[in-house]
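Take a look at the structure set out below.
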Amino acid sequence: MKKAIFLLNGKETPYRPGQTLLEATQAIGFHIPTLCHLKETTPTGACRICLVEITGARSLMAACSTPVAEGMEVFTETERVHNTRKLNVELLLASGKHDCLICEASGDCRLQELAYYYGIKELKFSQDEKFYPTDDENPFIIRDFSRCIRCGRCIQACNELVVNRAISYGYRGKDSKVVTGGDGPYTDSECVFCGQCVEVCPVGALTEKKAKGRARAWETNKIRTTCPYCGVGCQQWLHVKDGKITKVTAVEDGEPNMGRLCVKGRFGYDFIYSEERLKTPLIRENGNLREASWDEALDLVAGKFKEIIAAHGPDAIAGVSCARSINEDSYQMQKLFRAVIGTNNIDHCART
Amino acid sequence: MTNSFADFAKAKMIFVIGSNMTEAHPVAASLLKMAVIGGAELIVVDPRRTSLVDLANLHVPIKVGSDVAFLNGVMNVLITEDLYDKKYVESCTMGFEELKKKVLEYPPERAAAISGVSAEMIRDVARRLAAVHPAMLMYTLGITEHICGVNNVMSCANLQMLLGNVGFECGGVNPLRGQNNVQGACDMGALPNVFPGYQRVDNPQAREKFAAAWKVEKLPEKPGIMIPQMIEGLLDGKVKAFYVFGENLANTEPDIRHVEHCLSSAEFLVCQDIFPTETTRFAHVILPAAAWSENDGTFSSSERRVNRVRTVSAPPGEARPNWWIFKEIAKRMGHEWEANSAQEIWDNEVSQYAPSMAGIKYARLEKNGLQWPVPSLEHEGTSFLHKEGCFTCGLGVLAPIDWIPPAEVPDADYPLVLSTGRRLYHYHTRTQTGRSQGLNELLGEETADISEADAEKYGIEHGEMIAVKSRRGRVVVKANVTRQVPEGLVWMAFHFREGCANWLTNPAYDPITQTAEYKACAVAIEKLA
Ligand code: SF4
Ligand code: SF4
Ligand code: SF4
Ligand code: FES
């Protein structure tokens, strides 16, 4: 069989039939800028940033939604392409209030990056533009429509990545807007606060309330870890500034969640900073708990265990391990019971 | 799970029984829903109209606790209509004749009478399942939290083997594990009958091997007791010292009043935790522990994937890693343990002594982790078990199983069924989620979910405070009138101390696993004056 080939800037390039131009170029590591494209979802062709010139086609075509055809001649860096992309970036910038200086997304914004890359010289946002009011009636997500570029990524994510089907496009033309079922706040909708829309929003239209003002993107480092809640084992990035988690996002290509998180995994991280944490060993004395040193507490436990073993045998001691904690902790606990105390009376809530 | 989460998004036929995964395992549900909007067929078997039902081709509104009867009915149709996978059954399984004899006792009409699902729907389910191969079966605690939990699980396995679905990508029998590391705690041998890697304590070779590894003369051979017996043991004095690491038994075990009575009778109770809980109120010694993100380690997820957990900051105050605390107690009892970090424990001990994890070392876990079995350092991990129906232990066993009713069924005094589970915005007894800013705003109290029919019958308005009582206790809780719940059922969770379902639940257990019947007991509801 003949190998499938198309011409990318004059160079013979292989592709798999059915691939879009974007997929075929990504497969060989060639970069075409995108904005609205969201992996694993149906392309919408909304932003026109990925435009390319195809011989024989009258208008420029969106690489993210154009399938490759055999022998197709594609140019990605012509002057026409460059200028049109640049114009589109300018239009997007002018469509809303993109005052990066005070925007939560600054430093982590696709539009900001593109403006820089295409050498935009001047910002002209229309002063008279009427925006929809901001929705921040919920504990986690701020929806600021003045920064929304209507790329539709949030809608794609909600409907196709997490399939919660809480938001869609509402209204027409220049009034168009991302809406919930009754165009009410998230709290009055099907929204389950997974925050996937925030994760994929390329600009500052959707941001996290708990992270607001905590850190600029370039001030944090990211540590990969595993969610502490359910048995799915989602992979997370902990964004850390000065030793504290400022927000949690998903590892995009991490198994099994591939970029997704739920409300607990994304927003349920700050219990560790609670003032109620146990911070010192405690020993009960005359009915009340008092603070103790580790030595005192551990000696007491070991002493009492030895006493009970001597008087009643090792099977008079029983232990329950923790299904939330790390493997190594459970390993150590069962080893303590079996090898040191001498009993198999070790269990955990294996069944819940 | 025999299979992987990646399969959820690719499966062609999905059979979900006793799992409200949109709330308890939301990301797994998202993957599954992706398959469904991509054209996969979805059958949801659940007494409640859970939100997954909105996407399902078929909702099977089974009565609480009738799973075996229903599944036997489906298998009856598969056999009588000759729809099962004969080749697979012949070459990969044993016990078919016994199974056949048993399920022939459950014609659809009889299964229908027990399960409340029509005979026609039972036939429909069987035919749909037989039409697409492989079908993927998922279950959660709706299957296991019954006195017949083991039987329920075996019935699920029977069904999948009869259909020839075990041993293929997008097939298999897939329990979604509740907590992040239940799988791992089992793998590590925090169970009364097995060492790490499921090597049995009553096997002399296993004992010898671990005795040598742990440098002790001998190890106990008699399997130990499980949580319910431990708790009872506090009362009758068989258990003198009880060491509770991380679990909040005073809220999570059925019949809170009784559990607290037992805990308060303990001669010596040690609690090791990150927060004071309802359980630590009874402790004689409390040891403060490091939490998630305060030490390095690994979790093992439902898909048998060992994943890294990493340190962000040091634990507060004097709190210490749990593994360190156990090591220090061992030292004070005359045992010097070498390993001095989670990595040393894993690399030098766990992976040395558990053959199924022999190939897992921290250095190999930098990115996506590995799914055991990983028998060697070259092995890439195992995304699904029993490949092509070749069962690890020979042939798959088809077991004949009879239906039994729940331990407590409704009667004149307690005319309704209470079933319990988890809700989206909280986790267990809220020790973590209750202290994470924002989640309480989304769900701030427990409710008793009741049907519109029962609300009308008792004259109860949505949002009104009502009493729910069982033979064990009584709670006052807000009524949530919802279409999710069928007539005759009350549904509650155990996230809030006030109104916790476990004041009511029945301490009746599966004889083998000692899993409590959280999913079924009898209650009455009362309108408050
Ligand atoms: S938070 Fe999740 S459910 Fe809510 S709108 Fe965003 S993506 Fe959809
Ligand atoms: S809110 Fe963000 S993701 Fe959604 S359409 Fe607007 S800019 Fe795009
Ligand atoms: S993010 Fe949600 S689904 Fe994923 S492991 Fe955590 S709790 Fe489970
Ligand atoms: S990325 Fe192709 S149109 Fe937006």
Side-chain angles (χ1 to χ4, degrees), chain A residues 139-140 162-163 223 225-226 228-234 240 243 255-257 260 262 268 270-272 274 277-284 298 301-302 304 308 312 316-323 326-334 336 338-340 342-345 347-348 350-352, chain B residues 5 25-28 30 33 177 179 182 184-185 188-190 192 201 214 216 220 224-227 230 239-241 243-247 268 284 286 288 291-292 297-299 301-302 307 309-310 313 316-318 322-323 326 328-330 332-333 335 342 345 368 432-433 435-436 438 441 515:
Chain A
F140 298 131
V162 286
V163 203
I223 296 177
T225 200
T226 305
Y229 288 105
C230 86
V232 177
C234 292
V240 177
E255 292 276 6
N257 49 317
R260 298 165 186 84
C262 80
D270 46 331
F271 65 91
I272 51 172
S274 163
R277 282 290 299 275
L278 290 167
K279 297 193 187 91
T280 160
L282 300 168
I283 290 176
R284 190 172 302 277
L298 293 168
V301 172
K304 195 79 189 168
I308 289 170
H312 307 281
I317 302 179
V320 177
S321 187
C322 177
I326 54 176
N327 284 322
E328 293 78 359
D329 291 343
S330 273
Y331 175 86
Q332 294 281 92
M333 188 173 188
Q334 60 88 36
L336 175 71
R338 297 197 158 106
V340 178
T343 177
N344 284 312
N345 289 344
D347 199 7
H348 71 285
R351 298 151 286 267
T352 61
Chain B
F5 286 115
H25 302 90
V27 169
S30 287
K33 289 187 283 186
R177 307 307 304 259
Q179 310 193 56
V182 182
M188 292 303 108
V201 297
W214 293 338
V216 291
I225 52 178
M226 299 189 208
I227 293 176
M230 293 178 183
V239 175
K240 304 283 179 203
Y243 194 157
V244 179
F245 163 26
E247 303 287 335
F268 187 60
H284 298 97
I286 301 177
W292 166 83
T298 53
F299 289 156
S301 72
S302 293
N307 279 312
V309 188
R310 293 184 178 83
S313 55
E318 291 294 307
N322 296 288
W323 58 260
F326 296 124
E328 287 295 314
I329 295 174
R332 285 166 169 80
M333 297 179 75
H335 294 248
I345 293 168
N368 272 339
Q432 294 169 294
T433 51
R435 292 179 176 97
S436 295
E441 271 178 62
T515 302

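Heavy-atom basis, side chains included; hydrogens, waters and symmetry copies ignored. Lettering of chains follows the sequences in order, A, B, ..., and the numbering in each one begins at 1.
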Contact check, side chains of A:Val340 and B:Phe326, non-hydrogen atoms, under 4.5 Å: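 The answer is no, as the side chains (C-beta and beyond) never meet within the 4.5 Å cut-off.
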
Any side-chain heavy-atom pair of B:Glu441 and A:Phe140 under 4.5 Å: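 Counting from C-beta outward, B:Glu441 and A:Phe140 never come under 4.5 Å.
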
Choice from A:Ala316, A:Cys234, A:Pro256, A:Ser330 maximising heavy atom contacts with chain B below 4.5 Å: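 Of A:Ala316, A:Cys234, A:Pro256, A:Ser330, A:Ala316 has the most heavy-atom pairs under 4.5 Å with chain B.
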
N/O donor-acceptor pair under 3.5 Å between [X] side chain and [Y] backbone:
X	Y	result
A:Thr226	B:Val309	no
A:Asn345	B:Gly224	no
A:Gln334	B:Ala185	no

Partners meeting side chain to side chain donor-acceptor pair (under 3.5 Å) with B:Thr298 (sequence neighbours left out):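 If we apply the side chain to side chain donor-acceptor pair (under 3.5 Å) test to B:Thr298, skipping adjacent residues, the hits are A:Asn327, A:Glu328.
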
Taking all non-hydrogen atoms of both residues, which atom of [X] and which atom of [Y] are closest, and how far apart?
X	Y	value
B:Ser30	A:Arg260	CB-CD, 4.2 Å
B:Tyr243	A:Met333	O-CE, 3.6 Å
B:Lys33	A:Val163	NZ-O, 2.9 Å

Results of ring-ring contact (aromatic ring centres under 6.0 Å, His included) for A:Phe271 - residues two or more places apart only: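 A:Phe271: no ring-ring contact (aromatic ring centres under 6.0 Å, His included) contacts found.
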
Which portion of A:Val232 sits near chain B, non-hydrogen atoms under 4.5 angstrom: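 Both backbone and side chain.
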
